[in-house]
Amino acid sequence: MKNTVLSKLRNLDAYPKVNEDFFTRSLSGGIITLVSYLAILLLVFSEFRLYLHTVTETKLLVDTSRGETLRINFDVTFPAIPCSILSVDAMDISGEQHLDIKHDIIKKRINTNGDVIESKPDGIGAPKIEKPLQRHGGRLEQNETYCGSCFGAEQSDDDCCNSCEEVRDAYRRKGWAMTNADLIDQCKREGFFERIKEQEGEGCNVQGSLEVNRVAGNFHFAPGKTFHQSNIFFDDLMSVHKDSYNISHRINRLAFGEYFPGVVNPLDGGHWTHETSNGMYQYFIKVVPTIYTDIRGRTVNSNQYSVTEHFKDLEYISPNSQPGVFFYYDFSPIKVTFKEEHSSFLHFITNICAVIGGIFTVAGIIDTFVYHGQRRMKKKMEIGKFR
């Protein structure tokens with residue numbers, strides 16, 4: 001029984017052995033074998049590198065996320081607008097507004113050569129109070145609590161404006177421009193307008209981040225604080241305005257969300273130069289939600305974006321339009337996912353087998369043709385000798 005089974009297994013042998021007495025070794029066969037081994041080694045090494053290399057799978061999905069927030073990171077340089085009058089504002093279609101944002105923002109004063117003069121977080125500190133004007137009209141006396149006047153912009157009897165910034169905020173809430181700047185005690189005491197004049201001819205680098213709702217909206221950089229009146233946006237420094245503002249700017253970085261490998265922010269490094277009158281430079285941005293998963297399974301929720309640009313010369317538009325650089329963003333309903341992964345080990349083994357088998361098969365065919373060609377040549381030579 002055992003011999004029968006072994007006999008049947010022997011008959012299944014798909015690789016019949018040939019007695020060594022019938023082997024014929026040749027120089028050409030040795031060369032072909034050596035070349036075959038080198039080709040196998042090269043191709044196996046190439047397949048191994050491909051196996052170690054990660055591939056990125058891309059998918060498109062409908063974005064169903066709701067109620068999330070978005071972090072906008074920016075670094076923008078204005079060579080011709082001083083930091084003392086440059087403000088950052090943000091608003092969205094839900095009605096939420098953030099005017100003259102100071103949190104998480106750093107302003108750097110720069111000279112005409114682009115060198116940094118001073119760098120500090122925006123809105124830091126005020127001079128020591130020495131007998132400033134009280135809300136009731138008198139000067140601050142010893143042991144008296146300071147409560148500065150808002151110069152008619154108080155919303156209640158208990159309101160106090162103890163700094164120039166608070167007066168400007170009170171005016172903005174009322175929708176007033178600061179046309180009586182010389183009468184505001186807090187601004188004179190802090191040297192606010194002297195500081196504006198002192199920084200004339202300087203530029204400003206603004207960098208930081210904004211946390212906004214994940215709905216369509218805009219943020220902008222403009223001279224002066226913005227206030228809203230009769231559906232028109234104004235700025236509060238009308239009394240100290242020049243005839244024009246040069247809104248030339250360079251966008252060093254603008255990103256919607258965290259960095260991930262392969263992301264391209266099209267506005268990074270872009271610059272625009274404007275030489276003469278007031279203008280409004282607008283960027284219309286389409287934000288595409290993106291999820292990136294690396295080979296270790298770490299997930300990054302971020303965004304990509306595309307952009308178009310437009311410039312409005314305010315000389316030919318409404319005289320009440322505000323100069324500045326505006327970024328209008330909206331969200332794509334499609335989400336993109338990138339996932340890094342290796343090709344499967346079975347796929348790698350299949351490719352290795354295909355490489356080895358294919359090389360040996362092709363080499364065998366070539367060796368057969370060469371061998372038979374050599375035999376025919378040898379026979380012809382022998383026939384020629386006999387003749």
Side-chain angles (χ1 to χ4, degrees), residues 69-110 116 118-125 163-166 168-169 171-173 177-178 192 195-196 199 202-228 233-238 240-241 245-257 265 267-268 270-272 278-285 287 305 307 321-329:
T69 59
L70 170 70
R71 179 172 290 273
I72 304 173
N73 303 300
F74 58 83
D75 182 350
V76 185
T77 300
F78 294 86
I81 300 181
C83 291
S84 58
I85 64 171
L86 189 64
S87 68
V88 183
D89 307 316
M91 54 203 71
D92 58 46
I93 59 172
S94 69
E96 187 169 333
Q97 297 184 14
H98 301 278
L99 304 179
D100 194 28
I101 302 169
K102 298 182 182 297
H103 186 63
D104 291 334
I105 290 179
I106 294 177
K107 290 182 179 180
K108 298 179 181 180
R109 294 170 55 193
I110 57 176
V116 176
E118 181 186 23
S119 175
K120 66 176 183 178
D122 195 16
I124 297 298
S163 67
C164 186
E165 285 295 316
E166 292 180 3
R168 294 177 67 192
D169 288 339
Y171 270 50
R172 178 179 52 79
R173 288 192 293 268
M178 194 177 284
F192 177 77
R195 189 163 66 249
I196 291 178
Q199 294 185 16
E202 294 181 1
C204 188
N205 171 259
V206 188
Q207 54 184 266
S209 61
L210 301 173
E211 195 82 24
V212 298
N213 295 323
R214 203 178 182 87
V215 295
N218 78 84
F219 65 98
H220 59 265
F221 303 86
K225 282 191 176 182
T226 303
F227 66 89
H228 189 236
F233 286 96
F234 298 88
D235 64 80
D236 69 335
L237 297 179
M238 293 180 176
V240 292
H241 268 187
Y245 282 105
N246 186 334
I247 62 167
S248 299
H249 59 278
R250 181 175 67 254
I251 302 174
N252 305 306
R253 179 172 182 253
L254 180 65
F256 290 78
N265 297 318
L267 286 178
D268 286 3
H271 64 276
W272 188 84
N278 285 329
M280 177 188 293
Y281 206 85
Q282 299 171 309
Y283 294 94
F284 298 93
I285 297 171
V287 180
Y305 65 89
V307 62
S321 297
Q322 183 184 18
V325 179
F326 291 73
F327 297 86
Y328 298 90
Y329 56 88

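Values below: all heavy atoms of this structure, side chains included; hydrogens, waters and symmetry mates excluded. Worth saying up front: this structure is predicted, and the values here are computed from it rather than measured.
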Starting from the C-alpha separation in whole Å, work towards a yes-or-no answer on side-chain contact (heavy atoms from CB on, under 4.5 Å) for Phe78 and Val325.
CA-CA 10 Å; Phe78 294 86; Val325 179; 3.5 Å; yes

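- Closest heavy-atom contact between Ala222 and Pro323: CB-O, 3.5 Å.
- Residue Arg250 places its CZ atom among 12 or fewer non-hydrogen atoms of other residues, nucleotides or ligands, all under 6.0 Å distant.
- Between the side chain of Tyr281 and the backbone N or O of His249 there is no donor-acceptor pair closer than 3.5 Å.
- Atom CZ of Phe219 sits about 7.0 Å away from atom CZ of Phe74, to the nearest 0.5 Å.
- Heavy-atom minimum distance, Lys107 versus Cys204: CB-SG, 4.0 Å.
- Taken to the nearest 0.5 Å, the CE atom of Met91 stands 4.5 Å off from the NE2 atom of His220.
- When all heavy atoms are compared, the tightest approach of Ile247 to Gly324 is CD1-O, 3.6 Å.
- To the nearest 0.5 Å, atom OG of residue Ser209 and atom CD1 of residue Ile105 are 8.0 Å apart.
- Put simply, the side chain of Asn218 never gets that close to the backbone of Ala90: no donor and acceptor are under 3.5 Å apart.
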Under the side-chain hydrogen bond (donor to acceptor under 3.5 Å, both in side chains) criterion, do Asn213 and Thr69 qualify, and how do the steps go?
CA-CA 5 Å; Asn213 295 323; Thr69 59; over 6 Å; no

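- When side chains are defined from C-beta on, Ile101 does not count as touching Asp89, because their heavy atoms never get closer than 4.5 Å.
- Among Thr77, Asp75, Asn205, the single residue meeting the side chain to side chain contact (heavy atoms under 4.5 Å, CB included) criterion with Lys108 is Asn205.
- Checking each of Val307, Val76, Ile72, Asn73 against Leu254 for a side chain to side chain contact (heavy atoms under 4.5 Å, CB included) leaves exactly one that passes, namely Ile72.
- The CD atom of Gln282 lies 11.5 Å from the CZ atom of Phe327; values are rounded to the nearest 0.5 Å.
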Between Asn265 and Phe256, is the side-chain contact (heavy atoms from CB on, under 4.5 Å) condition met? List the steps.
CA-CA 9 Å; Asn265 297 318; Phe256 290 78; over 6 Å; no

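- With rounding to the nearest 0.5 angstrom, the OG atom of Ser87 is 9.5 Å from the CZ atom of Phe221.
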List the steps, then state whether ring pair (Phe, Tyr, Trp, His ring centres under 6.0 Å) holds for Tyr328 with Tyr283.
CA-CA 6 Å; Tyr328 298 90; Tyr283 294 94; 9.9 Å; no

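- Under the 3.5 Å distance criterion, the side-chain polar atoms of Asp92 are matched with a main-chain donor or acceptor of Ser94.
- The CD1 atom of Ile285 lies 5.5 Å from the CG atom of Leu267; values are rounded to the nearest 0.5 Å.
- Nearest heavy-atom pair, Pro79 versus Ser248, reported as atom, atom and distance to 0.1 Å: CD-O, 3.2 Å.
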